[in-house]
Every structure is written in C-alpha cells, then in structure tokens.
Engineer: 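Encoded as structure tokens, here's the structure I'll be asking about.
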2 protein chains.
Amino acid sequence: MRNILKEKGFKITPARLAILQAFTKNKLPMSAEDVCKKIKSKKINEVTVYRTLSSLEKGGILKRVDLRKDSVYFELADQHHHHIVCTNCNMIEDFKNLEIEKAIEKVWKNIITKSSKFKSIREHSLELFGLCRMCM
Amino acid sequence: MRNILKEKGFKITPARLAILQAFTKNKLPMSAEDVCKKIKSKKINEVTVYRTLSSLEKGGILKRVDLRKDSVYFELADQHHHHIVCTNCNMIEDFKNLEIEKAIEKVWKNIITKSSKFKSIREHSLELFGLCRMCM
DNA sequence: TTCTGCTTGCAAATGATTTGCATTTAGTAT
DNA sequence: ATACTAAATGCAAATCATTTGCAAGCAGAA
C-alpha cells in the first residue's frame, strides 16, 4: 500500500493509509461519507477525506463509480469489474465477465473507426440495476 | 407529446411541454442547468425544472443517465441506447448495438440464476469514456 | 363556470463538496 | 539526528446542486 502511494508520488500519511486500507478491506464502492464512518476512529477530517479521494483518483489509485446515487462513489482502480446495484436498498455486488469485455471492446473499436466525433475510448462503465432477494 | 403526458396521468402545463420539447429537440442528455438554458425564454423557474425532471423520471418519460458529472443528467426514456462521452469537453454521442445488448442480457440472466444476492435485473447502463477528435 | 387538487414560484433550507488560510508534517538535504 | 520546504491537514466559511415549505395560480373534471 505504501508502495502504491510512493510509485504515484504521494507522500505517505496516516490519512492516506487509513483511507486506502478502508478500500482494501471493503472492496465495494464507498462515498466520502462511507469512508468517514469506516475510519472515524482515526479522527481524520471530512475535508481531508474529500481531498484524499480526489487526489487518489487523479493518481489512478481510485476510480469514480456511477451508481445513480446522490453522492459520488469511489473504489480501488486495481481491477476492472462491474456492479449490480439494488435500487431499493443500495446493496452492491461486483461481477466480471470476459464475454462482455470482448463485446464492449469490439464495439468501441468499431465506433472509433466509424464515428466522426470520437477517436479514442479509454474506459467504460457497465452497471446493472435491479432488486436483491431481500427487497423483492 | 401531450399524449405521452396524458397517458402517464400528468397534467399538461407549459413547463412540462417546454421541458419535453427541449429533450426531443436536443436528443442528448441534459442536466437541470442545461434544460434551464434551453428554455430560458419561457421564464420557467429553476425549481420547477427540478421538480418536472424528477416527476417525469418517476413517470418513466425521462431516465437518469450516469456520466460521471457533478450534476444529474436526464434523457428521454423512449429508446434504449448508450453513450460515448469525451472526458475533456463533455461532448456526448449516442450508440446502439444489438450484440452488446445480447451479451449483457446473457450475463444478467446468468447472474440472477447464480447470485445469492440478486434476483432480478431491471435495467443497465453502459457508457464509454474517451476523447473526441477535437480534444485529442 | 365553479371547484379541487396538482403545479408553480419564491425564499429559505439542506446536503454534498470545495476553498482560504494558518498550522502541521513527510520526505529530503544537511 | 536536525533543519528545511513543499505538500498535507484541520477548521471555518463558501459554494454548488438540489430539495422543501408555503402561498398563489392553473388544468381538468363536474
């Protein structure tokens, strides 16, 4: 974890370690508020959490996830995957699927050769929305 | 347009007509702010725009789109499609692809039979992020 | 045309996130 | 180990998007 920070040129601070630790423990996407709760024992200021999330995102350590919530969610950028979100209770499950990745890649290669507007695709997001067993 | 509103049990009001008109003209996703700009000649209050977007979404006429922006975007719900977003200038292009839809459907059918947590998937979003020709 | 409830506008509240500034601290050079 | 500097933090206040309360207005049914 320290190495990850060093590689990206970040100073190693208690706040950053605590926040990264929270993400490695939790795996699922978290908002600034979620992170604050997870690390509340560390007495790290809310503003620091926002700033840290933002800089870790810029550094490519975290990435932003869009889950149709009213606040911004982040997760570790280390491994690409997608989510299923319960639109009622907000439970989140991760999933990976090679076929989908292939299909998406095929599409965007197709798009950048045909589109008059776009020339390069760098990433994509795919989220499924539904109801979990509990909420059905 | 009036019929759409009537079908869903909405009263026909200048604000709703103006907002729906803006969406049918523009095609691309818009935030509340975007909508306000488009219909500024109609002197419709910002709060009304927010309320209208929200109720049209509940009525299934609009749907929310997740574009990693800091405000919420909506578009007409009438036809399912996906987007390519320029992460620099925010230009948006729509696309449809039958293969992708099939692959996604396959995946979520697979998921709901296997997942211990999820039982039904109702919708999905797929967005591509990259750079447009101008921004490259 | 009258009535009733849904809609709207305005002002103010709220919630999430950002900024200014003074203080502290990590990493580096001494 | 010590001193130094830029980056990181905490606190208060500001900002931005969105929501709410309430009184007035308007659409659609009778």
Side-chain angles (χ1 to χ4, degrees), chain A residues 1-22 29-75 90, chain B residues 1-22 29-75 90:
Chain A
M1 212 149 62
R2 287 165 183 273
N3 293 335
I4 297 171
L5 287 170
K6 273 186 193 169
E7 278 167 28
K8 306 278 184 172
F10 287 106
K11 287 187 182 176
I12 294 172
T13 69
R16 286 172 182 162
L17 289 173
I19 291 170
L20 272 185
Q21 203 163 42
M30 289 192 287
S31 64
E33 196 190 351
D34 294 336
V35 172
C36 286
K37 280 179 193 157
K38 291 266 173 194
I39 63 172
K40 63 175 177 299
S41 63
K42 308 273 175 57
K43 298 261 174 48
I44 291 160
N45 192 283
E46 189 191 15
V47 173
T48 302
V49 171
Y50 278 104
R51 281 197 271 232
T52 304
L53 292 176
S54 167
S55 58
L56 292 182
E57 188 203 3
K58 280 196 195 87
I61 297 175
L62 294 178
K63 70 179 172 198
R64 187 174 167 160
V65 187
D66 271 329
L67 301 175
R68 299 192 191 169
K69 308 278 189 80
D70 292 330
S71 44
V72 177
Y73 280 68
F74 294 91
E75 66 182 3
N90 292 327
Chain B
M1 211 148 63
R2 288 163 182 272
N3 293 335
I4 297 172
L5 287 170
K6 274 186 190 167
E7 278 168 27
K8 305 279 183 172
F10 288 105
K11 286 186 181 175
I12 294 171
T13 68
R16 286 173 181 161
L17 289 173
I19 291 170
L20 273 185
Q21 202 162 42
M30 289 192 286
S31 65
E33 196 192 350
D34 294 336
V35 172
C36 286
K37 279 179 194 157
K38 290 266 173 193
I39 64 173
K40 61 176 179 298
S41 63
K42 307 273 175 56
K43 296 262 174 51
I44 291 160
N45 191 283
E46 188 190 18
V47 174
T48 301
V49 171
Y50 278 103
R51 281 197 270 234
T52 304
L53 293 177
S54 167
S55 59
L56 293 181
E57 188 202 4
K58 281 197 194 86
I61 297 176
L62 294 180
K63 69 180 172 196
R64 188 173 164 160
V65 188
D66 277 327
L67 301 175
R68 299 192 191 168
K69 308 277 188 82
D70 292 331
S71 45
V72 178
Y73 280 68
F74 294 91
E75 66 181 4
N90 293 326

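Computation of the quantities below employed the complete heavy-atom set of this structure, encompassing side-chain atoms and omitting hydrogens, waters and symmetry-equivalent molecules. All chains are named by letter (A, B, ...) in the order of the sequence lines, taking the proteins before the strands, and each is independently numbered beginning at 1. Values in this document were obtained by computation on a predicted structure and should not be read as measured data.
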Engineer: What's A/K69 touching, base or sugar-phosphate or nothing? Going by heavy atoms closer than 4.0 Å.
Structural biologist: nothing
Engineer: For A/Y50 and D/dA12, what is the distance between atoms OH and P respectively, to the nearest whole Å?
Structural biologist: 17 Å
Engineer: Examine D/dG10: is either OP1 or OP2 under 4.0 Å from a nitrogen or oxygen in the side chain of A/T48? Give yes or no.
Structural biologist: yes
Engineer: For A/D34, give me all partners under side chain to side chain donor-acceptor pair (under 3.5 Å), at least two apart in sequence or on another chain.
Structural biologist: A/S31
Engineer: In Å, rounded to the nearest 0.5 Å, how long is the span from CD of A/E7 to CG of A/N3?
Structural biologist: 6.5 Å
Engineer: Measure NZ/A/K8 against C1'/D/dA8 and give the value in whole Å, please.
Structural biologist: 20 Å
Engineer: To the nearest Å, give me how far apart NZ (B/K6) and C1' (D/dA27) are.
Structural biologist: 11 Å
Engineer: Quick check: do A/K58 and A/S54 have side-chain heavy atoms less than 4.5 Å from each other?
Structural biologist: yes
Engineer: What is the bend of the helix from C/dT1-D/dA30 to C/dT30-D/dA1 when you compare the axis at one end with the axis at the other, using five pairs each and rounding to 10°?
Structural biologist: 40°
Engineer: In whole Å, I'd like the distance from the NZ atom of B/K11 to the C1' atom of C/dT4.
Structural biologist: 8 Å
Engineer: B/N45 side chain N/O closer than 4.0 Å to the phosphate oxygens (OP1, OP2) of C/dT8?
Structural biologist: no
Engineer: What does A/K43 touch in the nucleic acid at a heavy-atom separation under 4.0 angstrom: a base, only the sugar-phosphate, or nothing?
Structural biologist: sugar-phosphate
Engineer: If I take atom CD1 in residue A/I19 and atom P in nucleotide D/dA8, what distance separates them, rounded to the nearest angstrom?
Structural biologist: 12 Å
Engineer: Can you tell me the distance, in whole Å, between the CG atom of A/L56 and the P atom of D/dA7?
Structural biologist: 16 Å
Engineer: D/dT9, D/dG10, D/dA8: which one has an atom nearest the side-chain heavy atoms of A/I44?
Structural biologist: D/dG10
Engineer: Quick one: A/F10 CZ to C/dG27 P, roughly how many Å, whole number?
Structural biologist: 13 Å
Engineer: Could you tell me whether the side chain of A/L67 reaches within less than 4.5 Å of the side chain of B/D66, counting heavy atoms only?
Structural biologist: no
Engineer: Once you round it to whole Å, what is the distance between C1' of C/dT25 and CZ of A/R16?
Structural biologist: 11 Å
Engineer: When you measure from the side chain of A/R64 to the backbone N and O of B/K69, does any donor-acceptor pair fall under 3.5 Å?
Structural biologist: yes
Engineer: Checking B/K8 side chain against B/G59 main chain: does a donor-acceptor pair fall under 3.5 Å?
Structural biologist: yes
Engineer: Ignoring the backbone of B/T52, work out which of C/dG27, C/dT8, C/dA16 is nearest its side chain.
Structural biologist: C/dT8
Engineer: Given that B/S71 and B/T13 both sit by DNA chain D, which one's nearest nucleotide is further toward the 5' end?
Structural biologist: B/S71
Engineer: Have a look at A/R16 and tell me which of A/L5, A/I61, A/T48, A/I4 forms a side-chain contact (heavy atoms from CB on, under 4.5 Å) with it.
Structural biologist: A/L5
Engineer: Pick the closest DNA chain D nucleotide for B/V47 and for B/D70 by heavy atoms, then say which residue is nearer the 5' end.
Structural biologist: B/D70
